[in-house]
Amino acid sequence: MELKRKDLLDIKGLDQEEIQLILDTAESFKEVTGREIKKVPTLRGKTVVNLFFEPSTRTRTSFEIAAKRLSADVINFSVSGSSVSKGETLLDTARNIEAMRADFIIIRHPASGAPHILARNLRSSVINAGDGLHEHPTQALLDMFTIRERKGKIEGLTVAIIGDIAHSRVARSNIYGLTRMGARVRVAGPPALIPAEVETLGVSVFYDMEEALSGADVIMVLRIQLERQGKNYFPTLREFARLYCLTQERAGHAKGDAMIMHPGPVNRGIEISPEVADGLSSVILEQVTNGVAVRMAVLYLLSGSGEI
Amino acid sequence: MNLLIKNGRIVDPVNHVDQVADLLIADGKVRQIAQEIPVTPDAEAIDATGQWVVPGLIDVHTHLREPGFEYKETIRTGTMAAAAGGFTTICCMPNTKPVNDSQAVTEFILRKAATEGMVNVLPVGAITKGCQGEEITEMGDLREAGCIAVSDDGRPVMNSAVMRRAMEYASMFHLPVISHCEDTNLAEEGVMNEGRVSTELGLRGIPNASEDVMAARDIELAALTNAHLHIAHVSTQGSVELIRRAKEEGIRVTAETCPHYLVLTDEAVTGYNTNTKIKPPLRTLKDVEAVRKGLREGVIDVIATDHAPHAQVEKEMEFDSAPFGITGLETAVAIALQLVDEGVLTVNEMVLKMSGKPAKLLNIDRGHLSVGAVADITVIDPRATWVVDPPQLKSRGKNTPFEGWKMKGRVTHTIVGGKVVYKG
């Protein structure tokens, strides 16, 4: 049981069986993480390098815990700035790490496609932990895992993704994954935050949030980067919140049992109100828990190490 | 030593010649075109059986990078690439370091080209000092020193009043104003065409409108000033239509497109190959078809390369950080031949758009094979096949999007002023 690939760069390239395999495997690992002793020897002797070119606490920690629970050795390598400002190319940095015999390189980078450069040039397995505006595959996998766990299935569900779709790698990965698994995906936000021709990815576009939420089984709220303000994507955070903040009342337009998700970190009161973020329908912390199991599954399946 | 090109298909659209014949070159000039010119001891013979003998190709849009960026290309290597690609005359853009905005830089380029260059080099001077878009250059000086046009290529003049004054002033010296049409505010931080593919790849998009609005502005300014506007590297359906309308209205506008806008779409960016990162960006199939149609119908006058060499280390960067630009001198003929094969252009039209038309827009006595003309001649084997292997290219820049492409059509001889400067 393994993924017949060296790297996990995106969801777009995964077929339904592969996604299914990762989610099923993550279920076994979730059981492991619920034990008193949360560790298995699966990746003993393997080295995992977290190569992060952007600040991140949650994703990096999640990968680190996942790798440690598989008994791998983990090195965290944080670099600020792009290769241009450093004077060393990304590839040189990565080749140096590979020369120290890393088995896995987990990369987060502000430029879309950066993990692809590594994957093409290195023997190590490369896992994309978020590249620019492109994809964040393990986030989508943990989101799908959480949906499946709550709803029992993904197929046939209506998922509304709300907010800054254009600059969101989480949105892209979820659009690819959810549509591939048979969900109906809606996106909603102001026009400047909806990427060009996004309908061609199989989603429907809404500018009115309540319309987008109507009858939804899952509401996925995206983080709005505060820096977007002042660039005319929308006039002010105040007006953005007035139009797109997920409030209790707005959530009422979705189905009664709709689940509410957010990839974190949450801007309370801007894209989601505190009552909703902390409410009974919110699965935000479950997402975080499941993230570890899903990342264990990905590491395990890419390593091809046989039985769990 | 005279040169005798035997038995080639002579294609000279300016003189309406298309026939198999011999062509004799003496004293650097075309001496005679006739059937069966006898071989004499004072002439070296070139057997051109099955090949095309055409006026030396002219590229109105080349970046030679020298002075300032010799690590990307030099006048020596750039003109070697031109010779290998069949170009006997190239126009080098002013965005060097320092910018070619003065007589001194123009003279430097011409002196280097005379001593180290393989082909004719005609400098394009800057429209504004330092290509900063603020103060116009001393175009009288530039003209006298040898510039044949002005352009702020790569850094479009955003201020319409400055562009108006520049056009008025350039027209006094009969200098065409070459415009890189791009509203840089609208293009923002874009790195590829805006559309489905940019959305899929998560790369910031450059909308067609960023080109179209500037084409529209510059056409209006050409109408206002009666200057000769030449629109560089047309990539969108919208600008083709704007140029078509302008020509119908009698506005003095000419236009070029490049081989890559005729055979590649934004799909080529998939995989984040930085050798597909250019400005304007590779567009969609709809645009490619419109540009092809515009070329066939004469809306677009010229095929130019926009040869833009960069060092490998620069192109090995992340897609967002890599510089814009690809090389083109050595692949242009083969791509143009592909268009002939596909029925977009006839052989005559292709030759005209790569020699006669560029000569006309630059107002130089080249681009034809009349008896007495300077013997700038390109011999092309239209059936020769080859594979694009970047290390084999003469240009210092290996940044071609056509790596690995199987090409048909190759230059066998490039002759400048009666001398063979390249032999394939």
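What you see below is based on every heavy atom in this structure, not just the backbone, and it leaves out hydrogens, waters and symmetry mates. Just so we're clear, the structure is a prediction, and the values are computed from it rather than from any experiment. Lettering of chains follows the sequences in order, A, B, ..., and the numbering in each one begins at 1.
- Rounding to the nearest 0.5 Å places OG1 of T199(B) at 6.0 Å from CZ of R172(A).
- H167(A) is listed as a side-chain neighbour of R204(B), based on a closest heavy-atom distance under 4.5 Å.
- Within the model, atoms CG of D131(A) and CG of L201(B) stand 10.0 Å from one another, a figure rounded to the nearest 0.5 Å.
- Atom CZ of R120(A) and atom CG of N273(B) lie 7.0 Å apart (nearest 0.5 Å).
- Within residues 182-197 of chain A, the residues having any heavy atom less than 4.5 Å from a heavy atom of chain B are, in residue-number order, P195(A), A196(A), E197(A).
- K6(A) NZ: more than 12 foreign heavy atoms inside a 6.0 Å radius.
- Within a 6.0 Å sphere centred on CG of N185(B), heavy atoms belonging to other residues, nucleotides or ligands number more than 12.
- With values rounded to the nearest 0.5 angstrom, S112(A) atom OG is found 5.0 Å from Y272(B) atom OH.
- More than 12 heavy atoms of other shown residues, nucleotides or ligands fall within 6.0 angstrom of atom OH in Y233(A).
- Within the 4.5 Å cutoff, the side chain of E200(B) has heavy atoms near those of the L201(A) side chain.
- Residue-environment remark: CD (Q225(A)) exceeds the threshold of 12 foreign heavy atoms within 6.0 Å.
- The residue among T200(A), I165(A), L9(A), L133(A) with the most heavy atom pairs within less than 4.5 Å of chain B is L133(A).
- The distance from atom CD of E318(B) to atom CG of L91(A), rounded to the nearest 0.5 Å, is 9.5 Å.
- The environment of CD in E316(B) is crowded: more than 12 heavy-atom neighbours from other residues, nucleotides or ligands sit within 6.0 Å.
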